[in-house]
Visitor: 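Dropping the structure in here first, questions after.
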Amino acid sequence: MTFPAPIDPPARLLMGPGPISAYPSVLRAMSAPLVGQYDPFMTATMTETQALYREVFATENDATVLIDGTSRAGIEAAITSLVRPGEKVLVPVFGRFGHLLAEIAERAMAEVHTIEVEWGQVFTATAIEEAIVRVQPTLLAIVQGDTSTTMCQPLEEIGEICRRHGVLFYTDATASLGGNAFEADAWGLDAATAGLQKCLGGPSGSAPLTLSDRAVKVVRSRKRIEAGIREADDASADDFVRSNYFDLGMVLDYWGPRRLNHHTEATTMLYGARECARVLLLEGRDAVIERHRRIGEAMLAGVQGLGLTVFGDVAHKMTNVVAVEIPEGVAGDAARQAMLEDFGIEIGTSFGPLHGRVWRIGTMGYNARPDAVFSTLAALEHVLRRFGARVPVGGGVDAAADALS
């Protein structure tokens with residue numbers, strides 16, 4: 001048998017919509033030695049990580065934990081635990097990931113209702129309230145930043161609307177948390193989930209989650225503990241959460257004072273998630289959001305300086321990713337491949353109606369810095385010219401530099 005060589009990935013600058021290049025200190029943290037899941041160091045690190053993510057989410061929620069799995073694991077845990085079969089869920093869809101929320105809610109056997117706007121737009125608070133009044137859902141589930149369209153949905157007014165109508169308010173902040181304004185408590189969110197692989201600057205594989213007291217009450221009302229660890233006075237609900245792994249009642253008991261065994265915490269991912277939050281808060285939460293805004297505006301100016309057309313409503317664009325129309329006559333996938341092979345830089349395509357129509361270029365986490373912008377724009381200019389597009393010499397880098405000056 002011929003054994004493969006040790007893993008040795010090529011050098012890449014990940015400038016797509018995610019995943020991105022992780023902060024070096026995150027990768028170092030993830031190489032730390034393992035300890036047992038109930039080692040005092042381990043449980044102390046879990047508690048410490050909870051406190052860090054309360055700051056990241058801007059919440060006082062005690063129920064702030066990590067779900068072991070990609071960002072989708074956090075989404076599924078939230079929706080599956082908050083919604084009983086047959087209950088109504090309203091999902092405003094403005095891109096691919098709104099469809100994902102509807103898909104997960106449907107698999108949770110909810111009665112799913114959607115409203116849609118054209119990709120590249122967002123919803124008004126009035127439109128969402130009108131749908132809430134009409135549907136009368138148990139849960140409103142909405143994406144904050146949808147990288148498929150690069151749009152960032154305003155959330156500031158929605159929490160008050162949901163409270164007024166007795167609706168739980170959940171948002172998927174996978175692509176937006178850490179790089180765009182986010183205020184879980186001030187905006188009245190009952191649940192929010194995220195991932196590490198975007199603005200938080202880590203690898204995919206851990207999903208921060210926070211729940212309000214109102215959401216925890218729902219989760220606790222559906223609680224069931226496994227036989228074998230169940231104690232005599234533990235209640236068991238008839239309408240228990242149908243997923244074992246994503247049962248937030250048991251997950252909260254694992255992270256809480258009982259430390260009731262549910263799964264074996266992914267130690268290496270815990271270290272990485274802790275470091276993502278530590279790095280963000282060390283720089284300053286507001287400072288990191290401002291850095292994303294500033295670098296995102298430089299990339300926006302740069303692609304416009306190359307004469308590229310920006311997709312969607314720029315007034316509602318996420319700070320950390322921009323979508324540009326692929327110039328007529330340019331083979332989009334071949335040009336992306338040339339960026340990767342010749343310059344080691346990855347940019348993204350998109351999904352559904354935008355596949356082959358736009359490129360998505362990210363500036364997030366560790367890569368939200370000027371040199372990454374300049375390198376990407378210089379390479380893009382070269383590739384565009386090679387593929388027959390007429391672009392201004394130095395137009396992208398010059399415009400980005402002007403935006404940063």
Side-chain angles (χ1 to χ4, degrees), residues 10-23 120 145 147-152 175 179-180 198-199 201 288-312 314-315 317-350 354 356-405:
R12 300 291 194 221
L13 178 61
L14 301 182
M15 298 296 287
I20 48 76
S21 309
Y23 288 108
T147 53
S148 69
T149 66
T150 75
M151 295 296 104
C152 190
N180 300 262
K198 311 281 187 173
C199 300
V288 174
I289 293 171
E290 173 59 21
R291 172 163 60 87
H292 279 83
R293 184 201 63 78
R294 180 169 172 264
I295 300 300
E297 286 187 355
M299 183 62 82
L300 173 63
V303 295
Q304 290 173 328
L306 288 173
L308 301 178
T309 300
V310 176
F311 171 79
V314 174
K317 189 186 78 63
M318 299 165 68
T319 65
N320 52 300
V321 62
V322 61
V324 296
E325 302 274 358
I326 300 171
E328 187 174 354
V330 173
D333 287 344
R336 286 178 56 243
Q337 190 65 24
M339 288 277 290
L340 188 67
E341 291 179 354
D342 297 343
F343 297 94
I345 298 175
E346 179 180 282
I347 63 173
T349 182
S350 193
L354 296 183
R357 178 182 163 189
V358 303
W359 292 316
R360 295 176 298 153
I361 305 173
T363 48
M364 58 187 95
Y366 180 58
N367 292 345
R369 60 184 202 268
D371 65 293
V373 172
F374 297 148
S375 296
T376 302
L377 290 169
L380 183 59
E381 177 188 333
H382 176 88
V383 169
L384 283 169
R385 188 174 291 111
R386 191 199 314 172
F387 277 76
R390 292 188 174 184
V391 294
V393 176
V397 172
D398 287 348
D402 288 343
L404 290 169
S405 64

Visitor: Thr376 and side chain to side chain contact (heavy atoms under 4.5 Å, CB included): which partner among Val303, Asn367, Ile361?
Guide: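 That would be Ile361.
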Visitor: Which heavy-atom pair separates Met151 from Gly120 by the least distance, and what is that distance?
Guide: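 Smallest interatomic distance, heavy atoms only, reads SD-O, 3.2 Å.
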Visitor: What heavy-atom pair brings Asn180 and Ala175 nearest, and what distance separates the two atoms?
Guide: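 For Asn180 and Ala175, the tightest heavy-atom pair comes out as ND2-O, 4.4 Å.
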Visitor: Is there a donor-acceptor contact under 3.5 Å from the side chain of Glu381 to the main chain of Gly394?
Guide: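 Side chain of Glu381 to backbone of Gly394, a donor-acceptor pair under 3.5 Å: yes, one is there.
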Visitor: Which atom pair, heavy atoms only, marks the closest approach of Val358 to Ser350?
Guide: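 Residues Val358 and Ser350, closest heavy atoms: CG2-CB, 3.7 Å.
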Visitor: Do Ile326 and Arg357 come close enough that some side-chain heavy atom pair is under 4.5 Å?
Guide: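 No, their side chains stay 4.5 Å or more apart.
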Visitor: Of Leu354, Val330, Val322, Asp333, which meets side chain to side chain contact (heavy atoms under 4.5 Å, CB included) against Trp359?
Guide: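 The residue from Leu354, Val330, Val322, Asp333 that satisfies side chain to side chain contact (heavy atoms under 4.5 Å, CB included) with Trp359 turns out to be Val330.
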Visitor: Which heavy-atom pair separates Ala379 from Phe343 by the least distance, and what is that distance?
Guide: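 Closest approach of Ala379 to Phe343, heavy atoms only: CB-CG, 3.5 Å.
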Visitor: Can you name the closest pair of heavy atoms from Leu306 and Pro392 and give their distance?
Guide: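 For Leu306 versus Pro392, the nearest heavy atoms are O-CD, 3.6 Å.
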Visitor: Can you tell if the side chain of Cys199 reaches within under 4.5 Å of the side chain of His292, non-hydrogen atoms only?
Guide: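 The answer is yes; the side chains approach within 4.5 Å.
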Visitor: Tell me which one of Leu384, Val383, Leu380 satisfies side chain to side chain contact (heavy atoms under 4.5 Å, CB included) with Val391.
Guide: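 Of all the options given, the one that passes is Leu384.
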Visitor: Atom CG of Leu404 and atom CD1 of Ile295: how far apart are they, to the nearest 0.5 Å?
Guide: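 That separation rounds to 5.0 Å.
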Visitor: To check you understand the geometry: which heavy-atom pair defines the closest contact between Val373 and Met15, and what is its length?
Guide: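 It is N-CE, 4.4 Å.
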Visitor: What's the spacing between Gln337 CD and Asp342 CG if we round to 0.5 Å?
Guide: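 Nearest 0.5 Å value for the CD-CG distance: 9.5 Å.
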Visitor: Nearest 0.5 angstrom please: Arg360 CZ to Ile347 CD1, how far?
Guide: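 Rounded to the nearest 0.5 Å, the CZ-CD1 separation comes out at 10.5 Å.
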Visitor: Do side-chain atoms of Arg291 reach the backbone of Gly365 as a donor and acceptor pair under 3.5 angstrom?
Guide: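 Yes, Arg291 side chain to Gly365 backbone: donor-acceptor pair under 3.5 Å.
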Visitor: Looking at Glu297 and Arg294, is there a salt bridge between them, counting it only when a charged N and a carboxylate O are closer than 4.0 Å?
Guide: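 No.
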Visitor: Cation-pi between Arg369 and Tyr366: NZ/CZ under 6.0 Å from ring centre and within 45° of the ring axis?
Guide: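 Yes, a cation-pi geometry.
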Visitor: Would you kindly say whether Asn320 and Thr363 are connected by a side-chain donor-acceptor distance under 3.5 Å?
Guide: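 Side-chain D/A pair, Asn320 to Thr363: absent.
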